[in-house]
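Here's the structure, in structure tokens; my notes come after.
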Amino acid sequence: MDYAKYLSAALDAVRREGRYRVFADLKRTRGAFPEARHFADGDTRDITVWCSNDYLGMGQNPKVTAAMHEAIDLVGAGSGGTRNISGTSHYHVELEAELADLHGKEGALLFTSAYVANDATLATLVKLLPGCVVVSDEKNHASMIEGIRHGGGPKQIFRHNDVADLEEKLKALPLGTPKIIAFESVYSMDGHIAPISAICDLADKYGAMTYLDEVHAVGLYGPRGGGIAERDGVMHRIDVINGTLAKGFGVMGGYIAGSRVLCDAIRSYAAGFIFTTSLAPAIAAGALASIRHLKSSSVERERHQERAKTLKARLIDAGLPVIEGSSHIVPVTVGDPVHCKRLTDTLLTHYGIYAQPINYPTVPKGTERIRLTPSPQHTDAQMDRLVTALTELWAACPVSVGHFGRLAAE
């Protein structure tokens with residue numbers, strides 16, 4: 001059996017579709033973000049990053065890095081194992097307590113990523129609740145889809161943010177059937193925000209549990225960074241909140257927050273928690289410092305919202321096809337995978353601007369886009385360069401896709 005033949009054929013298929021991804025070799029410099037060094041073809045140069053999910057730049061915050069240095073000096077590098085054996089440290093305990101407080105819940109549980117938290121928690125809930133049906137938004141993240149699939153139970157898919165369609169799905173289920181409404185607060189590819197209060201109303205009416213992914217909202221919204229549910233005053237109506245220690249908090253890892261009994265059940269049954277080495281103490285310490293800072297500081301959130309609003313207005317004024325929404329996400333539609341890849345390649349090579357192409361399966365075919373994520377650290381001058389570059393490239397679009405390659409060589 002020529003195994004490599006089949007693997008190569010699979011890669012060739014991705015290349016033909018125009019969605020083969022090449023990772024840019026970058027090195028961030030603490031204190032200089034969003035500027036970074038790009039390594040390519042034996043050369044290096046400065047570029048500006050416009051697609052980082054370190055939304056607030058907390059990955060370079062002095063309080064965060066100091067806490068991580070201190071933890072390494074005090075306890076060393078690794079955690080020592082899984083939480084069940086030897087991998088629980090006081091940093092983990094403190095961090096879970098801080099997360100529970102952030103979301104107004106009795107408990108919280110740490111995972112190595114928010115993906116694993118979604119997958120493990122949803123799958124475990126479906127298995128523990130007899131006959132449970134998950135009613136899921138059609139644009140939910142892949143981690144939620146995998147968790148629902150791994151649970152092995154029945155599911156219903158409702159149209160994106162469509163409360164009427166959600167009610168139709170719930171109404172068709174027997175009232176006594178265990179149900180989980182699974183949805184996100186901020187949908188990261190379109191920038192849409194869910195009608196959380198209306199969904200909670202339906203959960204109350206039809207006896208459903210609410211499962212909310214706040215990954216692209218924690219740290220960024222609400223008086224203390226608790227997310228959209230905190231901003232909208234409905235945290236107490238959500239049964240399970242999933243969040244990340246990356247993105248808004250700038251480190252890595254994931255978690256759930258909920259009732260004490262729910263967190264204990266997931267801790268006791270979820271394979272994705274039980275059999276995984278726990279987060280390094282330094283990571284937990286950094287996340288703890290970040291959360292505590294953002295609970296009391298709104299400066300970063302306010303600047304972040306202003307930068308996103310300003311960039312959207314600048315791009316719309318320039319006639320660029322921005323997908324409008326009320327969140328901080330700034331997607332610009334391209335609509336073709338090959339075109340999208342050449343566009344982003346030209347941005348990097350010709351303009352020194354890094355923005356990755358967003359293609360299938362992250363978004364549906366035909367909706368390819370670039371996804372811009374302005375941070376508090378992006379300056380007006382950097383925004384000027386981005387808008388100028390995109391305006392020039394869009395002006396070249398009607399000529400041909402190949403024009404991007406010619407432009408880069410000029």
Side-chain angles (χ1 to χ4, degrees), residues 50-56 114 136-144 158-166 182-200 212-222 225-234 238 241-244 247-248 300-335 340 343-344 355-376 378 383 386-387 390 394:
W50 276 99
C51 57
S52 174
N53 280 347
D54 185 359
Y55 291 129
L56 301 179
S136 174
D137 189 288
E138 67 177 337
K139 290 198 173 183
N140 276 342
H141 190 266
S143 58
M144 302 175 78
F158 67 95
R159 289 191 295 270
H160 177 53
N161 278 351
D162 189 329
V163 177
D165 189 50
L166 171 59
F183 62 111
E184 301 181 40
S185 60
V186 176
Y187 289 84
S188 63
M189 290 301 127
D190 297 316
H192 299 157
I193 293 180
I196 300 177
S197 182
I199 290 174
C200 289
L212 177 63
D213 182 311
E214 288 260 39
V215 161
H216 290 273
V218 290
L220 310 178
Y221 297 89
I228 297 293
E230 184 192 30
R231 185 198 71 176
D232 293 353
V234 294
I238 302 296
I241 292 176
N242 168 279
T244 182
K247 298 181 174 65
E300 294 85 359
R301 283 188 287 277
E302 291 170 359
R303 171 71 173 173
H304 182 235
Q305 288 295 314
E306 180 277 321
R307 292 283 80 189
K309 182 178 179 180
T310 299
L311 180 61
K312 285 180 186 178
R314 293 282 308 276
L315 293 172
I316 291 169
D317 288 346
L320 294 163
V322 177
I323 300 174
E324 295 192 53
S326 57
S327 77
H328 59 282
I329 306 296
V330 187
V332 183
T333 302
V334 177
C340 196
L343 168 66
T344 54
Q356 274 281 34
I358 306 296
N359 295 332
Y360 178 84
T362 306
V363 296
K365 292 179 180 180
T367 69
E368 292 81 6
R369 68 200 62 179
I370 58 173
R371 175 182 173 274
L372 304 171
T373 54
S375 71
H378 280 96
M383 204 173 286
L386 173 66
V387 174
L390 291 177
W394 247 263

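Between the side chains of His160 and His192, a donor-acceptor pair is found at a separation under 3.5 Å.
Here the straight-line distance linking atom SG of Cys51 with atom CG of Leu372 works out to 8.5 Å at 0.5 Å rounding. Going from atom CD of Glu184 over to atom OG of Ser143 covers 7.5 Å, rounded to the nearest 0.5 Å. For the atom pair CD1 (Ile370) and OG1 (Thr344), the distance works out to 8.0 Å, reported to the nearest 0.5 Å. Between the OG1 atom of Thr367 and the CD1 atom of Ile358 there is a distance of 10.5 Å, given to the nearest 0.5 Å. A distance of 4.5 Å separates CZ in Phe183 from CG in Leu212, rounded to the nearest 0.5 Å. The distance from atom CD1 of Ile199 to atom CG of Asn161, rounded to the nearest 0.5 Å, is 6.5 Å.
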Take His328 and Thr373 through the test side chain to side chain contact (heavy atoms under 4.5 Å, CB included) and record every step on the way to the result.
-> CA-CA 7 Å; His328 59 282; Thr373 54; 5.6 Å; no

In sequence, state the C-alpha distance, the side-chain angles, and the governing distance for Ile316 and Glu324, and then conclude on side chain to side chain contact (heavy atoms under 4.5 Å, CB included).
-> CA-CA 9 Å; Ile316 291 169; Glu324 295 192 53; 3.8 Å; yes

Apply the test side chain to side chain contact (heavy atoms under 4.5 Å, CB included) to residues Tyr187 and Asp213: give CA-CA distance (whole Å), side-chain angles for both, the deciding distance (0.1 Å), then the verdict.
-> CA-CA 9 Å; Tyr187 289 84; Asp213 182 311; over 6 Å; no

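Put simply, the side chain of Asp232 never gets that close to the backbone of Ile196: no donor and acceptor are under 3.5 Å apart. Using modelled atom types, one side-chain atom of Glu214 and one backbone atom of Ile228 make a donor-acceptor pair closer than 3.5 Å. For the pair Arg301 (side chain) and Gly219 (backbone), a donor-acceptor distance under 3.5 Å is present. In terms of modelled atom types and a separation under 3.5 Å, the side chain of Lys312 and the main chain of Gly325 share a donor-acceptor contact. The backbone N or O of Val215 lies less than 3.5 Å from no partner atom in the side chain of Asn242, so there is not a single donor-acceptor pair. Proximity of a side-chain donor or acceptor of Glu300 to a complementary backbone N or O of Pro376 within less than 3.5 Å is not detected.
Side-chain contact between Pro374 and Tyr55: absent, with no pair of heavy atoms (C-beta onward) separated by less than 4.5 Å. Side-chain atoms of Leu56 and Ser375, non-hydrogen and from C-beta on, never get closer than 4.5 Å to each other.
Counting all heavy atoms, side chain and backbone alike, Cys200 lies closest to Ile238 at SG-CD1, 3.6 Å. Shown here for Ala308 and Val330, the closest heavy-atom pair between the two residues is O-CG2, 4.3 Å. When all heavy atoms of Gly243 and Ala114 are compared, the closest pair comes out as O-CB, 3.6 Å. When all heavy atoms of Phe158 and Asp165 are compared, the pair lying nearest together is CA-OD2, 3.3 Å.
Residues that satisfy the side chain to side chain contact (heavy atoms under 4.5 Å, CB included) test with Ser327, not counting sequence neighbours, are Val186, Ile193, Tyr221, Ile329. A search for side chain to side chain contact (heavy atoms under 4.5 Å, CB included) contacts involving Thr310 returns Glu306, Arg307, Arg314, Met383, not counting sequence neighbours.
With respect to Arg369, the side-chain contact (heavy atoms from CB on, under 4.5 Å) criterion is satisfied by exactly one of Asn359, Val363, Val322: Val363. For the side-chain hydrogen bond (donor to acceptor under 3.5 Å, both in side chains) test with Arg371, the passing option among Asp190, Thr362, Asn53 is Asn53; the others fail.
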